[in-house]
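Have a look at the structure below, then the notes.
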Amino acid sequence: MKILIAERDELERKGIRWVLSSNQIVITQLREVDNEKDCLDVLFDWKPDVIILELEMLNETRKQVTNLLIEHKTKTVVHTNHKTFEAAAQALEMKAEALFIKPYDTNEWLHNVKRVVNSQKQPGADNDTFIHHGWAYDLLFGRVFDESLIQVQVRTWGYEQIPTLAVALSPDKSNKEQVNLTKLIPFINKELQAYRPFILIVQDHFVLLFSTEFLPSTEDPIQSLRRILVYFCQRIKNEKRLSVSASIGNWYDDPEKVHQSYWEAKRALLRRFYFGGNQVFSPIKNMVLTDIDPFLSPVEIDEFLTHLRNTDREMLKQWLYLQANNYPITEESFPDSDNVRIRLTNILSHIRRFMLEKPYLLKEELTYRGLFKDILTGEVLADTVNNILFFCYRLCDLVEHEETSYNSILINKAIRYIDEQYAAPLTLEEVANFVHRNSQYFSSIFKKQTGYSFTEYLQGKRIQEAQVLLKETTLTITEIAYQVGFTDPGYFSRVFKSQHGSSPSVWRTNNNPVI
């Protein structure tokens with residue numbers, strides 16, 4: 001259905017557009033004009049099915065516009081600011097379906113526009129049998145309808161039965177760009193023309209209504225339709241580079257059950273959250289929502305924060321993947337996705353707690369907010385969990401970079417202290433206290449920064465100083481051992497030999513033959 005809004009006032013055009021879109025009046029194409037010249041050009045070239053026209057817009061072109069409206073059999077709804085005989089006469093001359101004096105009653109206006117849209121025949125030049133009908137929305141949403149009237153309309157387009165089998169067809173959010181649904185209608189027409197579905201647009205997805213008269217009679221309608229849709233999803237992926245998912249409701253003979261079929265199709269689509277996109281889901285016969293605790297336990301909180309604080313990527317990965325895979329999930333039994341989302345936001349709150357411990361991480365605030373939005377609206381659990389994991393990796397990188405720079409200063413201070421005090425009975429705890437750090441943490445960062453453990457570095461320093469004394473003095477091995485900090489000369493000799501391959505006395509002879 002092509003609808004033209006010809007209205008000078010921008011707010012008035014926006015209001016009309018909103019009323020049309022929010023009341024299930026499906027528009028395959030919509031255009032707007034704000035002056036009579038553009039109105040005449042669009043009428044001549046575009047040939048809309050319905051025009052919503054402000055009468056006062058027309059002055060010089062009124063006669064030409066009137067002739068085109070009659071020639072193209074365009075249904076016309078006229079608005080005017082003046083309650084005059086002249087306005088009524090002009091509306092009659094245009095063969096307008098309705099005339100409204102501003103300000104008009106919106107409900108009355110909407111009722112008449114629906115009547116006009118539903119009564120307008122679709123263009124036959126392109127032999128388009130995939131038509132949007134207001135009565136189809138009445139079926140879909142369980143409204144009161146006249147079945148005999150619907151039967152007449154569907155027969156006009158070659159149907160013997162009212163289509164009662166609903167399919168929800170939804171573009172996946174994994175697509176890189178937002179999908180314009182109306183632009184996909186020709187592709188759906190072409191690929192599914194043999195099965196003749198009615199195509200409806202509801203919010204962010206299509207609803208396809210199928211009649212079993214156009215499905216293969218040799219197999220179950222649901223299985224037949226599933227096979228057709230699997231092929232269709234592959235085709236749209238290959239041809240349009242788009243990922244879409246489809247879900248099927250149950251088939252009923254009774255047109256009053258169409259809304260039930262649609263509800264079942266939407267419920268079947270819930271499985272996309274657990275099984276991923278670009279799939280076709282059959283109706284769920286006995287769905288069971290599994291109970292889960294939407295909040296982390298104290299033990300889980302401690303585990304998660306420990307992995308974050310230790311920047312332990314592998315443990316973070318294992319822990320988060322457990323959150324995605326620790327639920328009993330089958331085709332007909334899975335947790336309520338809302339509870340899972342609450343649990344993920346609980347995890348995110350503790351990530352926030354970690355960020356507040358290190359203020360420099362707050363520069364990632366924008367990414368954090370985007371992650372929160374993804375948890376609330378993301379349609380595939382695995383993708384959302386991966387996004388949380390990548391964000392944790394990002395925080396780990398920032399922590400390590402920041403602390404590496406800071407720790408370099410801290411470790412250099414510790415090394416200077418060791419180099420000055422190596423001959424004293426130094427301990428790890430003493431040096432850690434000197435730089436005001438916990439001994440376990442100090443030991444870890446010392447190893448990361450220097451490549452040596454504290455003991456390895458201290459012994460290396462002592463042996464290095466012992467070499468100087470062996471070369472430059474006549475002190476005995478025992479005296480040298482005590483002077484560089486060893487309390488056991490025998491242990492000194494063993495350490496020296498392990499590092500240089502010979503005993504201190506042999507090394508002295510080889511490196512200073514004069515002594």
Side-chain angles (χ1 to χ4, degrees), residues 170-179 204-205 233 237 241-247 269-281 290 292-297 299-331 333-356 358 361-401:
S170 174
D172 297 328
K173 290 185 179 179
S174 58
N175 295 305
K176 293 182 179 179
E177 297 180 359
Q178 187 174 1
V179 179
D204 58 352
H205 62 277
C233 289
K237 184 80 170 179
R241 300 292 187 269
L242 289 177
S243 175
V244 300
S245 293
S247 56
L269 194 60
L270 293 174
R271 283 177 291 193
R272 176 167 56 179
F273 187 65
Y274 297 102
F275 294 98
N278 197 222
Q279 298 195 52
V280 178
F281 301 103
T290 309
I292 66 165
D293 188 345
F295 297 99
L296 299 179
S297 69
V299 172
E300 289 174 317
I301 294 170
D302 288 342
E303 287 176 348
F304 179 62
L305 285 174
T306 297
H307 300 329
L308 259 182
R309 288 165 179 154
N310 291 340
T311 63
D312 191 333
R313 293 168 177 78
E314 185 57 34
M315 291 304 296
L316 282 169
K317 179 179 178 180
Q318 292 180 23
W319 192 91
L320 283 170
Y321 279 3
L322 184 63
Q323 301 303 307
N325 300 317
N326 200 29
Y327 312 121
I329 298 172
T330 67
E331 284 289 314
S333 177
F334 41 80
D336 187 332
S337 60
D338 287 343
N339 283 339
V340 177
R341 293 182 198 278
I342 292 172
R343 191 171 179 83
L344 295 178
T345 56
N346 195 219
I347 292 171
L348 201 61
S349 71
H350 293 292
I351 292 177
R352 176 73 173 181
R353 175 180 164 187
F354 173 70
M355 292 170 67
L356 291 173
K358 303 177 184 299
L361 294 178
L362 293 178
K363 65 182 180 181
E364 296 300 310
E365 179 74 19
L366 191 60
T367 306
Y368 176 87
R369 292 181 183 180
L371 194 58
F372 182 75
K373 182 179 179 181
D374 179 55
I375 289 174
L376 296 181
T377 62
E379 64 187 13
V380 179
L381 174 60
D383 292 343
T384 301
V385 170
N386 275 329
N387 290 338
I388 295 174
L389 178 60
F390 294 148
F391 184 67
C392 289
Y393 284 174
R394 170 65 178 160
L395 296 182
C396 289
D397 290 342
L398 291 172
V399 168
E400 290 179 345
H401 179 269

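Since we're looking at a predicted model, the values are computed, not measured.
The main-chain N or O of Glu177 is never found under 3.5 Å from a side-chain atom of Asn175 such that the two would form a donor-acceptor pair. Between the side chain of Glu300 and the main chain of Ser297, a donor-acceptor pair closer than 3.5 Å is present.
Enclosure of atom OH in Tyr274 by more than 12 non-hydrogen atoms of other residues, nucleotides or ligands within 6.0 angstrom is indicated. Applying the 6.0 Å contact sphere to NZ of Lys173 captures more than 12 heavy atoms from other residues, nucleotides or ligands.
Contact annotation: the side chain of His350 never approaches that of Phe354 to less than 4.5 Å [non-hydrogen atoms, C-beta and beyond]. No side-chain heavy atom of Arg394 sits under 4.5 Å from any side-chain heavy atom of Thr367. Counting only heavy atoms from C-beta outward, the side chains of Leu362 and Leu356 approach each other to under 4.5 Å. When side chains are defined from C-beta on, Asn386 counts as touching Tyr321, because their heavy atoms get closer than 4.5 Å. Counting heavy atoms from C-beta on, the side chains of Asn310 and Met315 never come closer than 4.5 Å. Counting heavy atoms from C-beta outward, Asp312 and Thr306 have side chains that stay 4.5 Å or more apart. Contact annotation: the side chain of Cys392 never approaches that of Leu395 to less than 4.5 Å [non-hydrogen atoms, C-beta and beyond]. Taking the side chain as every heavy atom from C-beta outward, Arg272 and Ser170 approach each other to under 4.5 Å.
Gly277 and Ser243 make their closest contact through C-OG, 4.4 Å (heavy atoms, listed as atom of the first residue, atom of the second, distance). Scanning all heavy atoms of the two residues, the minimum distance from Leu376 to Arg341 falls at O-NH1, 3.6 Å. Summarising the geometry of Leu371 relative to Ile388, their closest heavy-atom pair is CD1-N, 3.8 Å, with the distance given to 0.1 Å. Nearest heavy atoms, Glu379 versus Asp172: OE2-CA, 2.9 Å. Between Phe334 and Arg271, the shortest heavy-atom distance links the atoms CE2-CG, 3.4 Å. Heavy atoms only, all atoms of each residue included: Leu316 and His307 are closest at CD2-CB, 3.6 Å.
The side chain to side chain donor-acceptor pair (under 3.5 Å) search around Glu314 returns Gln318, not counting sequence neighbours. A search for side chain to side chain donor-acceptor pair (under 3.5 Å) contacts involving Ser337 returns nothing, not counting sequence neighbours. Partners of Asp336 under the side chain to side chain donor-acceptor pair (under 3.5 Å) rule, at least two apart in sequence or in another chain, do not exist in this structure.
For the pair Arg352 and Tyr368, the cation-pi test (distance below 6.0 Å, angle within 45°) is passed.
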Item to complete: Evaluate the side-chain contact (heavy atoms from CB on, under 4.5 Å) criterion for residues Ile347 and Leu320: first the C-alpha distance (whole Å), next the side-chain angles of each, then the deciding distance (0.1 Å), finally the verdict.
Response: CA-CA 9 Å; Ile347 292 171; Leu320 283 170; 4.2 Å; yes

Worksheet item: Would Arg313 and Asp397 count as a salt bridge (charged side-chain N to carboxylate O under 4.0 Å, His left out) if you check the C-alpha gap in whole Å, the side-chain angles of each, and the deciding distance to 0.1 Å?
Response: CA-CA 10 Å; Arg313 293 168 177 78; Asp397 290 342; 2.5 Å; yes

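Residue Ile301 holds its CD1 atom at 6.0 Å from CG of Asn346, rounded to the nearest 0.5 Å.
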